[in-house]
Engineer: 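Have a look at this one before I ask anything.
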2 protein chains.
Amino acid sequence: MEQHFQKKFNHLKELCSQKGLRLTHQRTEVLRELASAKDHPSAETLYSRVKGRVPAISLDTVYRTLGTFMDLGLAAKVPVDGDLGRFDGDVSPHHHVVCVCCGAIRDFIWDEVSCGELPAEVTDWCHVTDTQVIVRGICRDCKGSDS
Amino acid sequence: MEQHFQKKFNHLKELCSQKGLRLTHQRTEVLRELASAKDHPSAETLYSRVKGRVPAISLDTVYRTLGTFMDLGLAAKVPVDGDLGRFDGDVSPHHHVVCVCCGAIRDFIWDEVSCGELPAEVTDWCHVTDTQVIVRGICRDCKGSDS
DNA sequence: TTTGTATTAGGAATAATTCCTAACAACCGA
DNA sequence: TCGGTTGTTAGGAATTATTCCTAATACAAA
């Protein structure tokens, strides 16, 4: 996963020089945390993690950086509702399952969907940029400890 | 669509008496507006529409009522991000396309997905309650008037 | 280095949603 | 029909995720 970061870092470096953006310490460290995270962290969660490496970083910077990454195509927001937005450093096509009880999010692949063709009524109406399945349910951990 | 409301109204009536909830004017009118809406309105939008019939209704009541409807299975929140939550009075299985530019949302059916089986890694991890596809893109109207 | 300018920290501002409480109105039974 | 009980509402205050503002900072090109 370190090499995973390296790849993303090189991508960020390239995009920054292309777009006249600066490769700051904050951007690098937010990218590092996001690339190694497997739990689709919120901005707040990412903030507390990055603080370990960049103690003076502000929450606003984390939000701003995530926004920049989304513009650059390096990150995505997971379309689940909840108080906090959840972010994903993996922008390759995949789907999400979310536990409506604890908020845990897991990735999954579903080839039949990914490779299937959208109905014409969709592609007629708009130029599609992203297609994903959202599954909601109650995970095993929450199922056991029902309140 | 009036008969559509009638069906939902009867359902609401039944659920209310089952759960000891009261069939208030506000609940009835919010349901009527939601049942006839085809644009997946926000709470704010619904509020201004219902005001035509119930001038004194408060925004809080609309939010509270939508929450109640979701608990009762009469409404659902569309999992798209944006400043305002978007609500759907149609709880039958279907998918959504959203224009990331203007926020328009359209329903669609995709039988291959609806009838397909989720990968085991998903059903092993949680008890699934809802599966839907979210398509994001730019609609024709926005494509034309690009800024 | 030096300099120009994008970026940041930190706190203030914004805004969607929820909370609080007194007044209200369904619904039950008489 | 008429009260009484109690769930519900209106309205404004409170909460909180996210964004805005501005002086200070630090990339990166020369």
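All heavy atoms count here, side chains included; hydrogens, waters and symmetry mates do not. Just so it is clear: chains get the letters A, B, ... in the order the sequence lines come, proteins before strands, and each one is counted from 1.
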Engineer: Give one of base, sugar-phosphate or nothing for Gly85(B), where a contact means two heavy atoms less than 4.0 Å apart.
Structural biologist: sugar-phosphate
Engineer: Starting from the 5' end of DNA chain C, give me the residue, Thr24(A) or Ser17(B), whose nearest nucleotide shows up first.
Structural biologist: Thr24(A)
Engineer: Which whole-number value in Å describes the distance from Arg27(B) CZ to dC24(C) P?
Structural biologist: 19 Å
Engineer: In this structure, would Tyr47(B) and Leu74(B) fall into the same cluster of hydrophobic residues linked by side-chain contacts under 4.5 Å?
Structural biologist: yes
Engineer: Please give, in whole Å, the distance from dA9(C) C1' to Tyr63(A) OH?
Structural biologist: 16 Å
Engineer: What's the CG-P distance between Leu46(B) and dT17(C), to the nearest Å?
Structural biologist: 12 Å
Engineer: Evaluate the ring planes of His96(B) and His94(B), with Trp represented by its six-membered ring, and classify them as parallel (under 30°), tilted (30 to 60°) or perpendicular (over 60°).
Structural biologist: perpendicular
Engineer: Atom CG of Leu21(A) to atom P of dT5(C): distance rounded to whole Å?
Structural biologist: 16 Å
Engineer: I'd like to know if the side chain of Arg27(A) and the backbone of Arg22(A) have a donor-acceptor N/O pair within less than 3.5 Å.
Structural biologist: yes
Engineer: Name the residue from Thr45(A), Asp107(A), Asp90(A) that meets the side-chain hydrogen bond (donor to acceptor under 3.5 Å, both in side chains) definition with His40(A).
Structural biologist: Asp107(A)
Engineer: I would like to know whether Asp141(A) and Cys102(A) meet side chain to side chain contact (heavy atoms under 4.5 Å, CB included); could you show each step before the answer?
Structural biologist: CA-CA 9 Å; Asp141(A) 290 349; Cys102(A) 66; 6.0 Å; no
Engineer: Taking Arg106(B) first and then Glu121(A), would you say they form a salt bridge - that is, a charged N and a carboxylate O separated by under 4.0 Å?
Structural biologist: no
Engineer: Start at the 5' end of DNA chain D and walk down; is the nucleotide closest to Ala56(B) or to Arg22(B) reached first?
Structural biologist: Arg22(B)
Engineer: Quick check for you: name the first and last nucleotides of DNA chain D, 5' to 3', having an atom under 4.0 Å from a heavy atom of chain A.
Structural biologist: dA17(D) to dA28(D)
Engineer: Nearest nucleotide by nearest heavy atom, which residue falls closer to the 5' end of DNA chain C, Lys77(B) or His25(B)?
Structural biologist: Lys77(B)
Engineer: Stepwise, does the side chain to side chain contact (heavy atoms under 4.5 Å, CB included) test hold for Val100(A) with Asp130(B)?
Structural biologist: CA-CA 10 Å; Val100(A) 297; Asp130(B) 179 71; over 6 Å; no
Engineer: NZ of Lys19(A) versus P of dT7(C): gap in Å, rounded?
Structural biologist: 13 Å
Engineer: Anything under 30° is parallel, anything over 60° is perpendicular, the rest tilted; go ahead and classify Trp110(A) against His95(A).
Structural biologist: perpendicular
Engineer: Using five base pairs at each end to define the local axes, how bent is the helix from dT1(C)-dA30(D) to dA30(C)-dT1(D), to the nearest 10°?
Structural biologist: 50°
Engineer: For the pair Leu34(B) and Leu66(B), evaluate side chain to side chain contact (heavy atoms under 4.5 Å, CB included) and give the outcome as yes or no after the intermediate values.
Structural biologist: CA-CA 9 Å; Leu34(B) 188 61; Leu66(B) 286 168; 4.1 Å; yes
Engineer: Do Arg64(B) and dT18(C) share a donor-acceptor pair, side chain to base, under 3.5 Å?
Structural biologist: no
Engineer: Could you give the CG-to-P distance, from Asp60(B) to dA23(C), as a whole number of Å?
Structural biologist: 18 Å
Engineer: Can you check the Phe69(A) CZ to dT7(C) P distance for me, whole Å?
Structural biologist: 12 Å
Engineer: Atom CG of Leu12(A) to atom P of dA6(C): distance rounded to whole Å?
Structural biologist: 17 Å
